[in-house]
Participant: 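Have a look at the structure that comes next, please.
All values derive from a computational prediction rather than experimental measurement. The figures that follow rest on heavy atoms only: side chains count, while hydrogens, waters and symmetry mates do not. Lettering of chains follows the sequences in order, A, B, ..., and the numbering in each one begins at 1.
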There are 2 protein chains.
Amino acid sequence: MVFYANVCIFASEMTTITDIAKALGITPSTVSRALAGNPRVKEETRLAVKKKAEEMGYEPNVVASNLRKGQSRIVGIIIPRIHREFFSNVIGGAESVLNRAGYNVLICQTLENYEAEVKALKTLKNYRVAGVLLSHSISSTSGKHVKEILGSTPLVQFDRVFPDLPGAKIVGANCEGAYKATMHLIESGYKRIGALAGYMTSQAYVERLAGYRMALEASGFPYDNSIVYYNTIVRETGYQAALKAIEAGCDALYSSGAFSALGAVDAFLEKGFKGANDFGLVATSNESFTGLMSPSLSTLNQHPFEMGEAAARAFLEGRTDTQVIPMELIIRQSSNKNNKWLK
Amino acid sequence: MVFYANVCIFASEMTTITDIAKALGITPSTVSRALAGNPRVKEETRLAVKKKAEEMGYEPNVVASNLRKGQSRIVGIIIPRIHREFFSNVIGGAESVLNRAGYNVLICQTLENYEAEVKALKTLKNYRVAGVLLSHSISSTSGKHVKEILGSTPLVQFDRVFPDLPGAKIVGANCEGAYKATMHLIESGYKRIGALAGYMTSQAYVERLAGYRMALEASGFPYDNSIVYYNTIVRETGYQAALKAIEAGCDALYSSGAFSALGAVDAFLEKGFKGANDFGLVATSNESFTGLMSPSLSTLNQHPFEMGEAAARAFLEGRTDTQVIPMELIIRQSSNKNNKWLK
DNA sequence: CAAAAAAATCCAAACGTTTGCACAAATTCT
DNA sequence: AGAATTTGTGCAAACGTTTGGATTTTTTTG
């Protein structure tokens with residue numbers, strides 16, 4: 001690659017298609033077509049153009065190209081927070097699929113804030129992105145703003161979806177997963193199983209609670225709302241809720257989140273419980289720490305990377321259906337009633 | 001917000017500045033100035049324009065704006081992988097600072113692949129991004145390609161930096177951190193301290209190794225290259241290296257990474273070690289699992305979120321110096337020689 | 001060898017903004 | 001009242017591409 005001093009110093013002085021055209025004594029349109037591989041340009045000139053472009057260090061201006069073509073190769077992803085392991089994995093999966101298809105990824109985090117979500121949607125619309133992959137913030141209760149802002153921009157929702165919004169959705173098998181987790185606790189012999197239920201503003205948590213309830217009722221256990229703890233999502237709230245659950249006589253908990261489960265472990269270690277013989281726990285979301293901590297947590301693996309891949313593919317293929325990503329029950333120490341945690 | 005049917009159905013039929021101008025019987029230039037808050041337009045018309053814009057659901061086309069202005073409000077971030085906790089935290093920090101300053105973030109992951117890095121750099125250049133935040137892939141050995149492709153585009157390097165490249169750099173206090181970690185092991189009474197050194201193609205790892213060596217030599221220990229294990233970065237290679245270290249008679253390890261330390265724990269649990277009395281370990285990178293696993297790992301916290309913030313600020317302020325983010329030694333069970341891990 | 005067909009290139013407009021300069025209208029100053 | 005200034009708008013070009021249709025050049029055909 002030849003490197004021109006002026007190109008190096010001033011970004012504004014980059015070689016354009018017109019520069020190449022002038023250098024070859026032809027018109028910009030031919031250069032454009034040559035570079036695009038249009039069959040209407042002679043092999044000979046195509047080669048000459050490509051050679052000259054290389055020589056002059058030409059790099060296409062995709063901004064201009066996008067403007068003219070009225071479309072961009074950017075996909076926007078809106079998520080609550082990037083550094084949540086679940087979301088960073090989703091992004092990882094989505095990015096690799098999209099990148100292979102020639103798209104790039106613009107990231108916006110809402111930090112669970114409705115206003116930030118609105119702003120992010122507007123920003124992406126203003127960039128005229130090719131599509132949006134969205135997992136809404138916990139403080140958004142309906143998809144009205146999404147439809148209003150996005151209009152016709154293709155939308156794929158994942159994990160946290162608004163049921164009132166049409167279009168592609170990628171969701172975990174929340175109900176089924178929670179059912180399996182709760183059933184596992186029941187089959188392990190636990191007698192009074194509470195739930196850390198999360199926020200009911202999110203469909204995902206509603207479904208998990210439903211699965212928990214179904215498992216109880218299918219096994220002849222009563223559904224007792226007094227041992228269902230809402231709005232638990234972080235370690236501290238999980239801890240507080242678990243303390244109450246212990247007082248209420250629970251011997252196991254199904255947690256809709258991973259961090260709340262961490263708080264639950266804090267609570268029952270504090271209360272002197274020693275192993276899964278005393279207290280059972282299954283958490284949703286197989287964050288990496290769950291398998292490494294002590295006691296290791298039984299979890300539902302949501303396959304976030306695959307979810308990201310599926311979301312990206314749904315966008316690429318223009319799908320509008322709902323795909324359910326299975327949740328895999330991973331049994332570890334925290335629900336293994338037959339053995340103690342600590343050998 | 002009034003919602004026009006056509007706007008909703010066809011993305012191409014969005015209201016433009018010209019539409020507003022026509023609706024008000026004025027010219028696009030005035031509308032543009034009005035929306036930009038240019039003082040040369042009358043208060044009255046400014047209000048009329050803003051009202052009409054709102055009414056018609058106008059959203060600016062930033063692609064056109066960027067083209068005309070020759071600059072964009074996008075910052076590109078290139079990282080090896082998004083779903084590494086360290087990097088997702090850096091991105092989280094950078095995104096929040098940049099977002100507040102009106103910038104958006106385009107993410108590219110290289111997956112430690114040189115070609116992908118080159119492609120990412122070109123893509124970002126083609127988007128004429130305002131700047132690039134880069135942590136290079138492990139397979140890139142010099143910054144030549146970066147300079148060649150990026151030209152005058154502002155560059156901030158973080159964590160893994162090319163020393164041969166000018167401009168802003170945000171690095172961890174690698175040498176100092178490794179020194180502190182090793183010194184802590186020495187002071188705790190360990191006698192033969194090996195190192196899981198990582199890749200010497202990366203400046204960060206070179207510096208860590210240097211810090212390790214300095215601590216040894218400052219304490220009268222010999223630096224013994226036969227118990228320094230290179231290219232350890234994932235769990236498996238850490239495990240293999242730790243097995244060798246055990247055979248070589250080591251009673252402690254300083255690990256330049258967190259995942260390799262995980263492998264080291266595997267190795268010495270397998271070999272029947274029971275606590276820090278037997279084997280000491282300090283890892284770099286305070287990934288969340290390190291504090292939750294058993295034994296919990298003593299680590300060096302690199303403050304990735306703050307590093308991301310610093311990188312973003314360095315870009316915003318046009319800095320060209322090198323900033324060092326201190327590493328904090330967090331002492332946990334794995335190096336606490338006075339107490340057993342398991343109570 | 002002219003006419004028709006095919007191939008290659010050119011022209012000019014468009015994408016939606018922004019902005020220097022010109023111009024007109026309103027205001028202020030001699 | 002006329003000149004000088006200020007204030008508000010309009011005009012038109014520009015940013016770097018792409019693309020439909022016109023035009024030229026080359027090739028094929030009768």
Side-chain angles (χ1 to χ4, degrees), chain A residues 7 10-50 52-53 56-74 123 125-130, chain B residues 7 10-50 52-53 56-74 123 125-130:
Chain A
V7 173
F10 302 110
S12 54
E13 297 189 17
M14 290 195 59
T15 24
T16 72
I17 237 173
T18 318
D19 297 334
I20 301 175
K22 273 184 194 144
L24 291 172
I26 57 177
T27 61
S29 33
T30 312
V31 175
S32 171
R33 279 189 258 256
L35 292 170
N38 188 314
R40 278 179 55 184
V41 4
K42 214 189 334 185
E43 185 66 18
E44 189 190 321
T45 49
R46 190 205 327 280
L47 262 55
V49 166
K50 293 217 165 151
K52 202 66 171 180
M56 299 175 76
Y58 170 75
E59 288 292 335
N61 184 328
V62 297
V63 179
S65 169
N66 286 348
L67 174 62
R68 173 58 230 240
K69 296 209 264 189
Q71 48 129 310
S72 83
R73 302 287 280 184
I74 295 184
T123 302
K125 185 69 180 180
N126 295 355
Y127 273 107
R128 304 295 188 266
V129 293
Chain B
V7 172
F10 301 110
S12 53
E13 298 189 14
M14 290 195 59
T15 24
T16 72
I17 236 173
T18 319
D19 297 333
I20 300 175
K22 273 184 194 147
L24 291 172
I26 57 177
T27 61
S29 32
T30 312
V31 175
S32 172
R33 279 189 262 255
L35 291 171
N38 188 314
R40 279 181 55 185
V41 6
K42 213 189 336 186
E43 184 67 16
E44 189 190 321
T45 50
R46 191 207 324 283
L47 261 55
V49 166
K50 292 218 165 147
K52 202 66 172 180
M56 299 175 74
Y58 170 76
E59 287 293 335
N61 185 328
V62 296
V63 178
S65 169
N66 286 348
L67 173 61
R68 173 58 230 241
K69 297 208 264 191
Q71 48 129 312
S72 84
R73 302 286 279 182
I74 293 184
T123 302
K125 185 70 180 180
N126 294 356
Y127 274 107
R128 304 296 190 267
V129 294

Participant: Roughly how many Å is it from CD1 in A/I17 to P in D/dT19, rounded to a whole number?
Facilitator: 11 Å
Participant: C/dA14 C1' sits how many Å from A/Q71 CD, rounded?
Facilitator: 16 Å
Participant: Could you check if a side-chain atom of A/I26 sits within less than 4.5 angstrom of a side-chain atom of A/T45, using non-hydrogen atoms only?
Facilitator: no
Participant: Taking only residues two or more places apart in sequence or in another chain, which ones pass side chain to side chain contact (heavy atoms under 4.5 Å, CB included) with B/A23?
Facilitator: B/K52, B/M56
Participant: Nearest 0.5 angstrom please: B/L24 CG to B/D19 CG, how far?
Facilitator: 11.0 Å
Participant: Is the distance from OP1 or OP2 of D/dG16 to the nearest side-chain N or O of B/Y127 less than 4.0 Å?
Facilitator: no
Participant: Expressed in angstrom and rounded to an integer, what is the separation of B/R68 atom CZ from D/dT17 atom P?
Facilitator: 16 Å
Participant: A/T18: which residues meet the side chain to side chain donor-acceptor pair (under 3.5 Å) condition with it, sequence neighbours left out?
Facilitator: none
Participant: What is the separation between atom CG on A/L67 and atom P on C/dT18, rounded to the nearest whole Å?
Facilitator: 12 Å
Participant: When the distance from CZ of A/R46 to P of C/dA7 is rounded to whole Å, what number comes out?
Facilitator: 14 Å
Participant: Identify, with sequence neighbours excluded, every residue that meets side chain to side chain contact (heavy atoms under 4.5 Å, CB included) alongside B/S72.
Facilitator: B/N66, B/I74
Participant: Taking only nitrogen or oxygen atoms into account, show me every contact under 3.5 Å that the protein makes with nucleotides 24-28 of chain D, one pair per line with its distance.
Facilitator:
none

Participant: Under the side-chain hydrogen bond (donor to acceptor under 3.5 Å, both in side chains) definition, can you give me all pairs with a residue in residues 33-43 of chain B, not counting sequence neighbours?
Facilitator: B/E43-B/R46
Participant: Nearest heavy-atom pair of B/L67 and A/V63: which atoms, and what distance?
Facilitator: N-CG1, 3.7 Å
Participant: Could you tell me the separation between the CZ atom of A/R128 and the P atom of C/dC15, rounded to a whole number of Å?
Facilitator: 13 Å
Participant: Take the protein atom NZ of B/K42 and the nucleotide atom C1' of C/dT27, then report the distance between them rounded to whole Å.
Facilitator: 13 Å
Participant: Do B/V49 and B/T30 touch side chain to side chain, with heavy atoms closer than 4.5 Å?
Facilitator: no
Participant: Quick one: A/N66 CG to D/dC15 P, roughly how many Å, whole number?
Facilitator: 18 Å
Participant: Say you draw a straight line from CG of A/N61 to CE of A/M14; how long is it, rounded to the nearest 0.5 Å?
Facilitator: 8.0 Å
Participant: I need the residues from residues 20-39 of chain A with at least one non-hydrogen atom less than 4.0 Å from DNA chain C; give them sorted by number, or say none.
Facilitator: A/G25, A/I26, A/T27, A/S29, A/T30, A/R33
